[in-house]
Amino acid sequence: QVQLVESGGGLVQAGGSLRLSCAASGRTFSSVAMGWFRQAPGKEREFVAAINWGGSSTLYADSVKGRFTISRDNAKNEVYLQMSSLKPEDTAVYYCAAARARWDPTITTMRPPRGDWGQGTQVTVSS
């Protein structure tokens, strides 16, 4: 298993930026794909972005494409989500998750208990 702890959430005005971080420990972080997901009140958890084990391949939800950037630093065992041009509809609890392979072609559909998950960090975007 991989233990994950998210940080960097907060309150930001529309149009602003935030950078989320996810610190990993446990089994070899650098050998698994990582993803960011979010869940707004009353809604199902949804896929946001994913990155393969080495950082050479990324995938984004259409709703965040061009505004969010996922990256990772395997030397630090961390994955990041840089969020720009934030909108009120981006308000949610953001979760990072570790897949159990270098890449998972179905990562967009990953939900607990598939994968390893952090506890989440709240992002609130005010209009």
Side-chain angles (χ1 to χ4, degrees):
Q1 278 191 332
V2 178
Q3 289 76 46
L4 303 167
V5 179
E6 302 94 337
S7 62
L11 175 64
V12 63
Q13 288 189 332
S17 299
L18 277 177
R19 187 194 195 208
L20 305 184
S21 298
C22 175
S25 61
R27 64 181 169 88
T28 308
F29 167 82
S30 61
S31 67
V32 298
M34 296 293 297
W36 284 97
F37 297 75
R38 67 187 182 186
Q39 188 166 15
K43 295 188 176 181
E44 293 188 351
R45 194 168 299 191
E46 64 176 3
F47 168 77
V48 175
I51 189 166
N52 72 339
W53 64 282
S56 61
S57 181
T58 58
L59 183 65
Y60 296 93
D62 287 344
S63 59
V64 306
K65 203 171 293 184
R67 300 189 297 122
F68 291 10
T69 302
I70 188 171
S71 61
R72 66 189 298 162
D73 185 337
N74 285 346
K76 295 183 177 180
N77 277 13
E78 291 186 344
V79 64
Y80 311 101
L81 187 68
Q82 178 67 48
M83 305 185 294
S84 303
S85 302
L86 283 162
K87 304 175 181 180
E89 51 264 44
D90 294 318
T91 295
V93 177
Y94 282 71
Y95 300 89
C96 71
R100 293 181 178 160
R102 292 189 170 194
W103 180 246
D104 181 356
T106 67
I107 196 169
T108 61
T109 65
M110 192 169 76
R111 301 292 184 274
R114 274 180 63 198
D116 299 311
W117 294 80
Q119 294 301 305
T121 185
Q122 176 71 47
V123 172
T124 302
V125 184
S126 63
S127 57

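No path of Ile, Leu, Val, Met, Phe, Trp and Tyr side chains, each step under 4.5 Å between heavy atoms, connects Val93 with Met34, placing them in separate hydrophobic clusters. Cluster membership for Tyr94 and Met110, using ILVMFWY side-chain heavy atoms within less than 4.5 angstrom, is not shared. Connection of Trp117 to Ile107 is established within a shared hydrophobic cluster, with ILVMFWY side chains joined at heavy-atom distances below 4.5 Å, either directly or through further cluster members. Follow the hydrophobic side-chain contacts under 4.5 Å out from Tyr95 and you never reach Leu4; the two are in separate clusters. Cluster membership for Leu20 and Tyr60, using ILVMFWY side-chain heavy atoms within less than 4.5 angstrom, is shared.
Of the inter-residue distances, the one linking Gln122 atom CD with Thr91 atom OG1 reads 7.0 Å to the nearest 0.5 angstrom. Distance check, rounded to the nearest 0.5 Å: CZ of Arg19 to OG1 of Thr69 gives 11.0 Å. With values rounded to the nearest 0.5 angstrom, Cys96 atom SG is found 9.0 Å from Ile70 atom CD1. Atom-to-atom distance recorded for Asp73:CG and Glu78:CD is 7.0 Å, nearest 0.5 angstrom.
Side-chain contact check for Leu86 versus Gln13: every heavy-atom pair is 4.5 Å or farther apart. With contacts defined as side-chain heavy-atom distances shorter than 4.5 Å, the pair Arg100/Asp116 qualifies. Contact check for Glu89 versus Ser63: no side-chain heavy atoms found under the 4.5 Å cut-off.
With hydrogens and angles disregarded, no donor-acceptor distance shorter than 3.5 Å links the side chain of Asn52 to the backbone of Trp103. Of the possible polar contacts, one joining the Asn74 side chain to the Trp53 backbone as a donor-acceptor pair under 3.5 Å is found. No side-chain donor-acceptor contact under 3.5 Å links Thr121 to the backbone of Ser7. Between the Gln119 side chain and the Glu6 main chain, no donor and acceptor come within less than 3.5 Å of each other.
For residues 28-57, there are no disulfide (SG to SG under 2.5 Å) pairs, not counting sequence neighbours.
Tyr80 and Gln82 share no side-chain donor-acceptor pair at under 3.5 Å.
Listed here is the closest heavy atom pair of Arg72 and Ser30: NH2-CA, 4.0 Å. Across all their heavy atoms, Phe37 and Ala97 have their closest contact at CE1-CB, 4.0 Å. A pairwise comparison of heavy atoms in Asp90 and Arg67 identifies OD2-NH1, 2.8 Å as the closest pair. Taking both residues in full, the closest heavy atoms of Val48 and Phe68 are given as CG1-CD2, 3.7 Å, listed atom of the first, atom of the second, then distance. Here the closest non-hydrogen pair linking Val79 and Trp36 is O-CZ2, 3.8 Å. Nearest heavy-atom pair, Ala92 versus Arg38, reported as atom, atom and distance to 0.1 Å: CB-CB, 3.8 Å.
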Pair Asp104-Arg114, side chain to side chain contact (heavy atoms under 4.5 Å, CB included): steps then yes or no = CA-CA 11 Å; Asp104 181 356; Arg114 274 180 63 198; 2.8 Å; yes
Show the numbers, then the answer: is there a salt bridge (charged side-chain N to carboxylate O under 4.0 Å, His left out) between Asp62 and Lys65?
-> CA-CA 5 Å; Asp62 287 344; Lys65 203 171 293 184; 3.1 Å; yes
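For the salt bridge (Lys or Arg N to Asp or Glu O under 4.0 Å) test, no residue two or more places apart in sequence or in another chain qualifies with Arg102.
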